[in-house]
Amino acid sequence: MPRRLFGPLCLLALGAAPALGDEVTSYTLDNGMQVVVIEDHRAPVVTQMVWYRIGSSDEPPGHSGIAHFLEHLMFQGTDDLAAGELSATVEENGGTDNAFTSYDYTAYFQRVAADRLGLMMQMEADRMRDLQLTEDDVATERQVILEERSQRTDSDPGALLNEQMSAAQFLNHPYGIPVIGWRHEMEKLSRKDALDFYQANYAPNNAILVVAGDVQPEAVLALAKEYYGPVAPSDRIVPRDRPQEPPQLAERRLVLSDERVSEPYLIRSYLAPERNTGDQKEAAALTILAQLLGGDPINSVLAKSLQFDRKIAVWAAAGYDGTTVDPDTFSLYASPVPGTSLADLEAAMDEVIAKFLKDGPDAEQLARIKTQIRASEIYARDDSGGLARSYGQALAVGLTVKDVQDWPAILQAVTAEDVMAAAAKVLNRDQAVTGWLTAKKGEAQ
Amino acid sequence: MILRSLAVLVALALPVQAETAIQAVTSPGGIKAWLVEDHTIPFVALELRFQGGNSLDLAGKRGAVNLMTATLEEGAGAMDSQGFAAARDSLAAQIGFSSDGDGVSVSSQFLTENRDQGVTLLREALVNPRFDQDAVDRVKGQVLANLRAGAEDPGTIAGDLMAARTYGSHPYGSNGDGTIDSVTALTRDDVVTAWKGAIARDRVFVSAAGDISPEDLGKLLDRLLGDLPATGAPLPGKAEITLKGGLMLKPYPGPQSVVQFTQGGIRFDDPDYFAAVLLNEILGGGRFSARLMTEVREKRGLTYGIGTGLASYDHAETLVGQFQASNEKVAEAIKVIRAEWAKVAAEGVTPEELARAKTYMTGAYPLRFDGNSTIASILVGMQIMGLPTDYPRTRNQRVEAVTLEDVKRVAARLIKPDELFFVVVGGATGLTPTE
């Protein structure tokens with residue numbers, strides 16, 4: 001599942017998982033598998049997630065999409081399970097299951113009644129090492145992922161722009177390659193490619209188990225030892241030393257014109273540092289910066305200037321995640337009102353940014369964002385599955401439970417000066433890609 | 001509308017767990033609400049739904065309720081747009097307004113520490129909205145941008161074509177966001193009229209879940225809703241479904257086509273309703289093992305995903321489905337769907353399929369109840385459907401009571417291969433449109 005980069009609706013996340021010190025327990029099994037338990041006893045439900053520290057950016061060159069293709073194929077059989085039996089068993093128990101792949105991780109999850117956790121672990125542990133694939137299964141599922149690419153990417157000009165922008169943003173790092181894969185490489189992915197990738201990367205010492213819901217930590221640990229404990233670790237797990245970016249010295253610009261576009265917009269993405277274990281301060285400042293510039297659709301700096309004062313944008317937003325293995329992006333978005341060109345909107349956006357870099361944040365706005373971050377710790381506890389996802393994602397990119405629990409306090413400690421320092425460093429057009437999505441050729445000029 | 005109807009189905013099929021204690025609360029001022037009290041987390045989720053929604057649009061004013069709903073958060077009382085947003089954010093209150101063909105929904109969450117202030121803010125938005133001209137104009141610009149984008153979105157195009165085909169001149173038959181022309185012509189007065197018609201006490205359903213007592217909830221509701229008008233605009237009547245079997249092809253560029261298919265459905269109060277739910281689950285429900293998913297995706301690789309759902313609106317019922325597929329694969333996929341439709345209508349389902357679907361539905365049932373916001377939303381839906389507070393204790397029994405014969409009977413009665421209508425938007429090849 002390709003990460004979705006774009007959209008004003010997905011920019012509200014403050015990245016603030018709650019501290020939750022008392023309700024989170026973690027262990028490491030003897031075979032190296034990490035275990036995190038998040039307690040929520042309000043309903044008799046449990047979410048099991050197994051995260052592998054392997055994603056599309058760990059693929060061998062020329063085999064783009066194999067991490068995601070393997071994710072699909074993991075629902076085929078094992079020596080003990082017939083093809084489709086795992087999902088069928090989950091469903092028969094009233095549960096749901098699925099999986100997703102990103103640049104840095106691949107995760108599998110089930111949501112079931114809490115007393116079925118052992119059965120879920122038994123099946124998940126089974127497919128960690130014993131996947132079996134037939135040529136027929138692989139051929140049919142290859143058609144499914146090609147349809148998925150057609151549906152999610154090729155049918156959506158905005159998704160195509162994101163893909164082209166990532167390819168331009170990363171001069172050397174595999175974040176420039178789409179998670180779903182390039183079509184010409186997807187078409188050639190084979191059973192052997194999938195099994196090679198599986199055997200090299202799927203092992204308990206490359207995995208994190210996250211269990212969230214109506215469970216007791218000791219009981220989860222006992223079950224984890226029973227089902228995952230016997231799975232042998234792999235000696236083939238290697239550090240994630242991906243090709244890194246050279247200095248980026250020149251701005252890149254691109255225009256994607258498509259007859260299916262009605263509302264043009266522009267995206268500016270800047271190379272930006274990520275959260276690192278024991279060192280999350282700069283990422284925290286960037287998280288707050290994104291909220292200040294484009295977090296709220298009415299009160300953010302970009303919305304106020306472009307929508308209210310100048311009345312030249314229909315919407316404007318900013319986005320930053322930072323929960324990645326390697327440096328990723330900080331992005332700005334804006335869509336013009338009819339009669340305003342993308343060139344004029346972009347110039348105005350750059351004026352707003354320049355003014356922000358001179359004046360700094362509004363103290364009241366910064367205070368409101370801190371209040372919302374504090375509240376987001378409370379609201380987040382309402383969704384234990386979401387908490388499982390927050391912990392799993394962080395641990396899969398190399399952060400620790402402590403990093404996750406420290407994060408809200410680090411966000412609270414961010415000062416206006418921290419924000420300005422991070423903004424001055426990151427909002428550098430030499431390290432940026434500017435993408436325009438336009439309705440048809442010619443309008444861009 | 002199709003996607004929304006699938007969401008409605010989920011709410012119908014999977015209500016709250018049996019152990020859940022739902023309290024019926026009546027405020028001192030007479031406002032009724034349902035409450036699930038849980039003091040674990042210091043906030044409350046409050047869900048309001050005003051029945052009617054964009055189906056209350058007056059003639060020539062299509063899109064007025066949608067525009068009104070989108071402008072509710074743009075200033076109230078002494079606060080303009082930015083003042084309202086700042087007040088909300090300084091309380092870290094979460095307030096969302098939305099509308100559809102059956103209602104206006106208000107989903108909110110308030111921290112316990114400043115709940116009274118948050119409720120005051122929401123009251124201002126509902127009772128004293130400003131609808132400043134510049135706010136109306138700005139939001140109208142956003143709505144028009146969405147409409148222009150929708151005109152280039154194959155899913156929206158298909159949904160609009162199918163709605164018109166299914167419901168004709170009933171409000172369900174047109175896009176509740178309006179048209180470019182109708183929205184362009186809307187004035188501030190139209191927005192105010194829409195507000196008076198749609199936001200009234202005679203049509204509101206209320207639920208709460210989380211950190212609040214019944215007494216406090218009662219007081220809160222009188223303060224929040226007590227000053228709203230007692231009555232609003234009359235609700236629309238029943239929609240007549242005008243579908244006959246066939247296929248419509250709307251050309252659109254791109255590698256894939258969006259395909260929607262629809263036929264008549266079944267009412268929730270029909271004695272065969274749960275047999276129909278199980279039937280749909282087996283035929284095209286969300287599980288990977290559903291027949292359509294198996295035949296169209298797993299065996300043939302024709303699509304990334306396909307599903308069907310029983311859509312129950314306040315004034316109509318349909319059975320709907322949707323998928324996307326490469327243009328050259330659409331014809332084969334439709335052939336497979338038609339064959340599965342005919343097969344299930346003639347033969348019903350197998351005992352194994354029924355047993356698996358029952359285990360799934362009864363097992364999934366308690367899992368719905370897993371968070372204050374989710375619970376508040378489900379509770380409003382149950383009230384609108386007229387269910388009792390103890391419904392959760394009886395619901396699984398109704399599923400278990402369905403026999404193989406029941407499903408066979410309802411399949412023969414409900415599944416109508418000759419009435420199935422397809423809308424295809426894209427460059428699909430090898431099809432024979434009937435019009």
Side-chain angles (χ1 to χ4, degrees), chain A residues 40-45 75 84 87-88 91-96 111-113 139-148 150-152 154-155 213 259-263 296-299 304 307-308 311 314-315 335 337-338 364-365 367-369 371-372 374-376 378-379 381-385, chain B residues 17 19 38 40-43 45 73-74 81-82 84-86 89-92 94 109 111 138 141-142 145 148-149 151-152 154 210 252-256 286-289 297-305 324-326 329 356 359-367 369-374:
Chain A
D40 177 358
H41 299 290
R42 294 178 300 157
V45 182
F75 292 84
S87 291
E91 290 164 1
E92 280 169 31
N93 283 279
T96 51
R111 187 170 171 283
V112 290
T140 305
E141 201 60 32
R142 195 189 300 113
Q143 294 305 309
V144 171
I145 58 164
L146 288 166
E147 285 296 322
E148 183 178 356
S150 294
Q151 179 169 331
R152 289 175 177 273
D154 300 322
S155 294
E259 60 184 325
R260 295 168 292 182
V261 173
S262 78
E263 300 308 290
D296 183 82
I298 288 176
N299 263 354
K304 270 188 175 175
Q307 293 166 233
F308 283 79
K311 301 189 191 320
V314 177
W315 53 265
S335 183
V337 299
E364 286 181 17
Q365 194 198 356
R368 286 197 302 269
I369 288 169
T371 301
Q372 288 179 279
R374 189 172 57 75
S376 74
I378 294 170
Y379 292 131
R381 290 171 58 197
D382 201 33
D383 176 12
S384 64
Chain B
Q17 67 172 3
E19 303 97 279
D38 185 324
T40 311
I41 308 175
F43 83 98
E73 65 176 355
E74 298 274 345
S81 293
Q82 295 182 13
F84 185 85
D89 291 351
S90 65
L91 299 170
Q94 306 195 340
Q109 289 112 48
L111 298 179
R138 189 165 30 75
Q142 293 169 338
R148 289 191 300 266
E152 297 297 332
Y252 192 78
Q256 283 190 326
R287 298 168 305 147
F288 281 109
S289 58
R297 169 174 160 151
E298 297 302 320
K299 285 193 187 166
R300 295 179 177 83
L302 299 175
T303 185
Y304 175 52
Q324 281 176 244
S326 288
K329 294 180 177 176
R356 284 200 301 269
T359 331
Y360 170 68
M361 277 185 59
T362 53
Y365 178 65
L367 308 191
F369 191 79
D370 74 330
N372 295 339
S373 301
T374 313

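In the text below, chain A, chain B and the rest are named by the order of the sequence lines, each starting its count at 1.
- Options B:P253, B:A151, B:A325 differ in how many heavy-atom pairs under 4.5 Å they form with chain A, and the most are formed by B:P253.
- Once rounded to the nearest 0.5 Å, the distance linking OG of B:S90 with CD of A:E364 reads 9.0 Å.
- Here the side chains of A:V144 and B:R297 are in contact, with some heavy-atom distance below 4.5 Å.
- With chain A as the partner, the residue from B:R356, B:Q256, B:E73 showing the most heavy-atom pairs under 4.5 Å is B:Q256.
- Taking 4.5 Å as the limit, every side-chain heavy atom of B:F369 sits out of range of all side-chain heavy atoms of A:R42.
- B:G254 and A:R260 get closest at one heavy-atom pair: CA-NH1, 3.7 Å.
- Proximity to chain B (any heavy atom under 4.5 Å) is restricted, for A:T96, to the side chain, taken from C-beta onward.
- Of the N and O atoms on the side chains of B:S326 and A:E147, at least one donor lies less than 3.5 Å from an acceptor on the other residue.
- Closest approach of B:A86 and A:R368 over heavy atoms only: O-CD, 3.2 Å.
- In this structure, the portions of B:R148 lying under 4.5 Å from any heavy atom of chain A include both its backbone and its side chain.
- Residues A:R381 and B:P42 have side chains in contact (heavy-atom distance under 4.5 Å, counting atoms from C-beta outward).
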query = Can B:Q109 and A:D382 be said to form a side-chain contact (heavy atoms from CB on, under 4.5 Å), step by step?
reply = CA-CA 11 Å; B:Q109 289 112 48; A:D382 201 33; over 6 Å; no

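- For A:R142, no part lies near chain B; criterion is any non-hydrogen pair under 4.5 Å.
- Looking at B:D89, the atoms closer than 4.5 Å to chain A (heavy atoms on both sides) sit in the backbone and in the side chain alike.
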query = What do the steps show when you test B:R287 against A:S87 for side-chain contact (heavy atoms from CB on, under 4.5 Å), and what is the final call?
reply = CA-CA 8 Å; B:R287 298 168 305 147; A:S87 291; over 6 Å; no

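- Heavy atoms closer than 4.5 Å to chain B are found nowhere in A:D383, neither backbone nor side chain.
- Neither the backbone nor the side chain of B:F84 comes within contact range of chain A, judged by heavy atoms closer than 4.5 Å.
- Counting heavy-atom pairs closer than 4.5 Å to chain A, the top residue among B:T362, B:T359, B:L91, B:T374 is B:T359.
- Ring pair B:F43/A:Y379 is perpendicular by interplanar angle, where above 60° counts as perpendicular and below 30° as parallel.
- Proximity to chain B involves both the backbone and the side chain of A:Q307, based on heavy atoms less than 4.5 angstrom apart.
- Of all the heavy atoms in A:A375 and B:L111, the pair that sits closest is CB-CD1, 3.8 Å.
- With a threshold of 4.5 angstrom between heavy atoms, B:K329 approaches chain A through side-chain atoms but not through N, CA, C or O.
- Of all the heavy atoms in A:I298 and B:A85, the pair that sits closest is CG2-CB, 4.0 Å.
- Among all heavy-atom pairs drawn from B:Q324 and A:S155, the shortest one is NE2-OG, 4.4 Å.
- Between chain A and the options B:P154, B:S373, B:G210, B:G141, the largest number of non-hydrogen pairs under 4.5 Å is found for B:S373.
- When side chains are defined from C-beta on, B:D370 does not count as touching A:S384, because their heavy atoms never get closer than 4.5 Å.
- Here the OG1 atom belonging to A:T140 is positioned 9.0 Å from the CD atom belonging to B:E298, to the nearest 0.5 angstrom.
- For the set A:I145, A:V337, A:N299, the count of heavy-atom pairs under 4.5 angstrom toward chain B peaks at A:N299.
- Interface residue A:V314: backbone and side-chain heavy atoms are both found under 4.5 Å from chain B.
- Interatomic distance, B:Q94 CD to A:Q372 CD, rounded to the nearest 0.5 Å: 8.0 Å.
- Looking at A:E91, both its backbone and its side chain come within 4.5 Å of chain B, counting heavy atoms on both sides.
- Interatomic distance, CG of A:N93 versus OH of B:Y360, reported as 12.0 Å (0.5 Å rounding).
- With chain A as the partner, the residue from B:K299, B:E152, B:R300 showing the most heavy-atom pairs under 4.5 Å is B:E152.
- Only the side chain of B:E74 has a heavy atom closer than 4.5 Å to any heavy atom of chain A.
- Looking at A:R111, its side chain does come within 3.5 Å of a backbone N or O of B:L367 through a donor-acceptor pair.
- Distance OG1/B:T303 to CD/A:Q143: 12.0 Å, rounded to 0.5 Å.
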